Structure formats: structure tokens, C-alpha cells
Number of protein chains: 2
Amino acid sequence: MISCLLVEDQTLVRLGLANLLNLSDEIVVDGQAQNGVEALQQLEHRDFDVVLLDMRMPELDGLGVLTALQKRACLAPKVLIITTFEDCDVLVEAMALGAKGYVLKSIELEELIDAIKLVVAGGKVLQPALTDYLLQKQIAPQVILTAKELQVLKCLSLGMANKSIAHALNNSEGTIRNHVSNILAKLEVKDRTQAVLKAISNGLV
Amino acid sequence: MISCLLVEDQTLVRLGLANLLNLSDEIVVDGQAQNGVEALQQLEHRDFDVVLLDMRMPELDGLGVLTALQKRACLAPKVLIITTFEDCDVLVEAMALGAKGYVLKSIELEELIDAIKLVVAGGKVLQPALTDYLLQKQIAPQVILTAKELQVLKCLSLGMANKSIAHALNNSEGTIRNHVSNILAKLEVKDRTQAVLKAISNGLV
DNA sequence: TTTTACCTATGACATCTGTCACTGTTTTTG
DNA sequence: CAAAAACAGTGACAGATGTCATAGGTAAAA
């Protein structure tokens, strides 16, 4: 039997999925968590063969869990991300942080069970729908913003003007203008509005 | 026993939820549909006490189903919307289209069962989290944009510059500037970026 | 019919925005 | 250590943005 920790914030989805998996005779969900914090607590106490991890959660999200797990690399469990298409912008980050697979909640039950077995066996899983998505993304390679730029971008996406941002971040307006200019270049957009739109749709903020 | 049609596109969620509800001794999910079209087909063949309806679906979404059901008003079944917080902008529309209740997927199982019973009994259900949301909306009374303004706002939220919008809508740039100015005043914001953010969060676009 | 609201347009104006070139300081990294 | 990034700053500039006053045309409502 494959022992499995299920991390998902929506109670109905979590209970339902746990039930379904437990009906199979190969997988047993013997741990559940509503958010990243709970998940890490459970993982301290005992080991699981695999962690089914949702991305969007309160308290600590999927990426947070992955980051935390990386720090104790030796005994990191296999992680299979199971989430919605809306959250798949972070696919690359998640895999970079050590996730072994990434499937959508729209997956069929049998496929999911196969994916879990594959991951436990040491494989990697990516749904066809996602590989297409990846291809599209890789044409426009990963944008890397510096910490400061990300800070400014967050201000932008709050609708702040350069002057306000300068005041908020204790910089001159000119400096903020430079940062904004660099952000626009990196995001390949022409003005702050487009930057905000791109940031939102890419989950950068 | 309350007979129930469950309409939800994500297979795992649907099967899981159906299982959970069937475990109770008051509710039986004896119909399932993956989208609005399938739901309407099922409803032609037979009656259900209640329809559990997801909002965001392929083919035909929740609002579409409600609209279709309204047209044969006499034998419209009770509808309980069960969806995510992201889709709750359409709450008012859904209720106006005859939905008897609106709950989030984050609801607890027992609460959901209670909600279903309440709806079948002729009541209406709104989760506390949603009533708060409604209040917020009503404090900032409905902004009324003219058709043209809405058109311009949509362009804004695509990240277009005034010149582009002017070109796209066959107007002078000055005219567009005037429209933008009026939009900003009506939305009570200071620049186009804030306008776009507000438009998005209020579902105006 | 008169009024009202909407769409269109122009010109002038102040301000904001984004770019560029150039100069530093500090921190990270090879 | 030396090179490379990241960060902060200035000044000058072009162009975009938003405001205001003003005004003509059209369509719907009173």
C-alpha cells in the first residue's frame, strides 16, 4: 500500500478525494492537511510515500511547502502537485523546487492513481495538457526580477504612482522610475498598466 | 431521500462530492453532469429535488443553465450554487436568475447537507462570508458606465494606450482621453492602472 | 417640444511616465 | 581579490496622460 498525505484547503474536495483514493486497493490516504503549515507538521511526525499537494492555500501555499521541504533535502518525500489550470503558471517553479509531478484536478481517477504510482516509483509526471503549456512558456523564457523590482511591481499592481512608491520604499522618484523602466523591459511590455496585467496573469504578485 | 443532480466539470471533485453526499442517509446523488449541456439533458429526462450547480464550466456555465431553466419556469427545480470565491461576482446575477442558494466549496460537509435540506424545503441559503461580500458591494453603489465608456474600459484592461484605442474605435485621441477621464471620475480612481484593477476586481470587464 | 444624456471633437495646459546616459556604493560570486 | 549584479541617484528629454473649457450633433425621455 502507498501511504499518502493529502494537502488541500477545501474540505469537500479533500474528503471526497481521500474517499475515492481509499476505495482503491493500492493507495491509502492516512494523512490530511488543510494548509501548508499543517502539512509540514504532519511531515515532522511521520513519513509518507507521497504528498498530494494543492497550490493555492491559506497560511502557507504549495510553493511554500516545497521550499520548506527542500531545506531538509535528505528526507524529502515525493510530491505530486494536484491543482487547477489557473495555478499552473507556477508549474516550472514547482518542478524546480523538487516536485515530482504536476496534474490538474480535472484528471480522471485512474490516471491519478497511475500518476501517484509512477511518482512513488521514482518517475516524473506531467499531463499532456501541461506539456503544451510548457512549450508555449519556454518560447518566452522565465522572467527573473530582482527583489527590489518585485517590490516595485507589487506597488504597481496596487495602482500606486511613482511618487507614492518612492515615498513608500524610501527612494527618490527617479530611482523608482528606473526600476519601473527595467521591469517593463524584463516583462516585455510598454507601460505600467500592461505590466500589472502581466504580473497578475502570471501570478508574479 | 432528497434526489440530487450534481453538475461539476472536475471529475475528481464531482465523484468525491457525490460519494460524500451518498454516505449521508438523507441525500442521494442520482444524477451527474460534467457541464451545463449535460445537465439540461438530464433535467429533460427526469426531475430532481435539487440541482447542485458549479459556476465555471466548459460548454455551458452555471449562469447559462439558470437562464435556460428560467425559460420553462413552471417546472424549474431548486438550484443550489456551489462554487469558489473567485466566481462569486456573479452571485447577484445567479440569485436573480432563480438560484435558491449560493455556497462556497470551502463549506463543511454538514453545513452543505443542511443547506441542501433548507433549499429543498423552500428556503434560501447564503453563507455568512458571502453576505459580508454583498454588503461591501452595496456600499459602493453600482457604477453606471455608458456603453462607450465600457468599451473604452475594456480596451484599457487590455493594456492599450489612448492612441491605440482611438485607432481601434475610430475616434480621435482627444475623445478617448475624455472618455478615460470620465471613467476615472466614475470609478473614483486616479489613473488608468487603478481603473483596470478596479474593473477586474469588480468584474466590470 | 424642450430637456437631458451621450458621443464627438479641439486646444491648451500641467503633470506623469518612461528612456537614456552617467556616476557612484554595496553585496555577491567566481 | 576582481568581476559582476544589484541598488541608489541625477538631469535632461520626448511623449503619454489626464483635466478643463467649450461646442456641435443626435437620440431618447419628459
Side-chain angles (χ1 to χ4, degrees), chain A residues 63 67 70-71 73 92-93 96-97 140-205, chain B residues 140-202 204-205:
Chain A
L63 289 181
T67 311
Q70 268 223 322
K71 289 184 181 156
V92 181
E93 288 159 79
L97 282 170
Q142 190 81 359
V143 178
I144 298 166
L145 296 181
T146 68
K148 191 72 181 185
E149 284 163 357
L150 206 58
Q151 215 174 3
V152 173
L153 181 55
K154 281 182 184 170
C155 291
L156 287 182
S157 67
L158 292 174
M160 292 169 72
N162 290 335
K163 195 176 287 184
S164 313
I165 302 177
H167 190 261
L169 301 186
N170 265 313
N171 288 127
S172 80
E173 192 183 334
T175 300
I176 299 301
R177 278 214 286 265
N178 290 335
H179 283 310
V180 171
S181 192
N182 293 331
I183 292 170
L184 300 187
K186 287 191 180 177
L187 296 186
E188 293 175 328
V189 295
K190 298 202 68 175
D191 59 49
R192 62 211 290 115
T193 307
Q194 290 181 8
V196 169
L197 289 169
K198 189 149 190 173
I200 291 176
S201 74
N202 284 29
L204 292 179
V205 290
Chain B
Q142 193 77 7
V143 178
I144 300 166
L145 297 180
T146 68
K148 191 71 181 186
E149 284 163 356
L150 207 58
Q151 216 174 2
V152 173
L153 181 56
K154 280 180 186 171
C155 291
L156 288 181
S157 67
L158 292 174
M160 293 170 72
N162 290 334
K163 193 175 287 182
S164 314
I165 303 177
H167 190 261
L169 302 185
N170 264 315
N171 288 126
S172 80
E173 191 184 335
T175 300
I176 299 301
R177 278 214 285 264
N178 291 335
H179 285 310
V180 171
S181 194
N182 293 331
I183 292 170
L184 299 187
K186 285 190 181 178
L187 296 186
E188 295 176 323
V189 295
K190 297 204 70 175
D191 58 49
R192 64 213 287 113
T193 306
Q194 291 181 6
V196 169
L197 288 169
K198 190 149 190 171
I200 292 175
S201 73
N202 284 30
L204 291 179
V205 290

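The structure presented is a predicted model; accordingly, all values stated were derived computationally and were not measured. Note on naming: letters A, B, ... go to the chains in the order of the sequence lines (proteins, then strands), and numbering restarts at 1 for each one.
An angle of 50°, rounded to 10°, separates the two end axes of the helix from C/dT1-D/dA30 to C/dG30-D/dC1, each defined over five pairs.
Pairing each heavy atom of B/Gly159 with each of A/Asp191, the nearest pair is O-OD2, 4.1 Å.
Comparing D/dA16, D/dG18, C/dG18 by their nearest atom to the side chain of B/Val180 picks out D/dG18. Taking every side-chain heavy atom of A/Ala161 into account, C/dT17 is the closest of D/dC7, C/dT17, C/dT19. Among the nucleotides C/dT17, D/dT17, C/dT10, the one closest to any side-chain atom of A/Glu173 is C/dT17. Nearest to the side chain of A/Thr175, among D/dT19, C/dC7, D/dA8, sits D/dA8.
Spacing between atom CD of A/Gln194 and atom P of C/dG18 amounts to 10 Å, rounded to whole angstrom units. Taking atom CG of residue A/Leu156 and atom P of nucleotide C/dT17, one finds them 10 Å apart after rounding to whole Å. Taking atom CZ on A/Arg192 and atom C1' on D/dG15, their separation rounds to 15 Å, with Å as the unit. B/Asp191 places its CG atom 14 Å from the C1' atom of D/dT19, with the value rounded to the nearest Å. Going from atom NZ of A/Lys186 over to atom C1' of D/dA5 covers 10 Å, rounded to whole Å. Rounded to an integer number of Å, the gap from B/Leu187 CG to D/dG18 P is 12 Å. Atom CG in A/Leu184 sits roughly 12 Å away from atom P in C/dT17 (whole-Å rounding). Between the P atom of C/dT19 and the CD1 atom of A/Ile183 lies a distance of 11 Å, rounded to the nearest Å.
Within a 6.0 Å radius of CD in A/Glu173, other residues, nucleotides and ligands contribute more than 12 heavy atoms.
Atom CD1 of B/Ile165 sits about 9.0 Å away from atom CG of B/Leu158, to the nearest 0.5 Å. A distance of 10.0 Å separates CD of B/Gln194 from OG1 of A/Thr193, quoted to the nearest 0.5 Å. The structure places CD of A/Gln151 at 8.5 Å from CD1 of A/Ile176, a figure rounded to the nearest 0.5 Å. Separation of atoms NE2 (A/His179) and CD1 (A/Ile183) is listed at 8.0 Å; rounding is to 0.5 Å. Taken to the nearest 0.5 Å, the NZ atom of B/Lys148 stands 13.0 Å off from the CG atom of B/Asn182. Rounding to the nearest 0.5 Å places CZ of B/Arg192 at 11.5 Å from OG of B/Ser181.
Of the side-chain N and O atoms in A/Asn171, one or more sit less than 4.0 angstrom from OP1 or OP2 of D/dA8. Checking the phosphate oxygens (OP1, OP2) of C/dC16, no side-chain nitrogen or oxygen of B/Lys190 falls inside 4.0 Å. Using a 4.0 Å cut-off, no side-chain N or O of A/Arg177 falls inside it from OP1 or OP2 of C/dT19. OP1 or OP2 of C/dG18 has not a single side-chain nitrogen or oxygen of A/His179 nearer than 4.0 Å. Of the side-chain N and O atoms in B/Ser181, none sit less than 4.0 angstrom from OP1 or OP2 of D/dT17. Distances shorter than 4.0 Å separate none of the side-chain N or O atoms of A/Asn162 from OP1 or OP2 on C/dC16. Between A/Thr146 and the phosphate of D/dA5, there is no side-chain N or O to OP1/OP2 separation shorter than 4.0 Å.
B/Val196 has its side chain out of reach of A/Val196: every pair of non-hydrogen atoms, C-beta onward, lies at least 4.5 Å apart.
With hydrogens and angles ignored, the 3.5 Å screen pairs a side-chain donor or acceptor of B/Lys198 with a backbone N or O of B/Leu187.
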Nucleotides 22-30 of chain C: protein proximity per nucleotide (B base, S sugar-phosphate only, - neither; heavy atom, under 4.0 Å)
---------
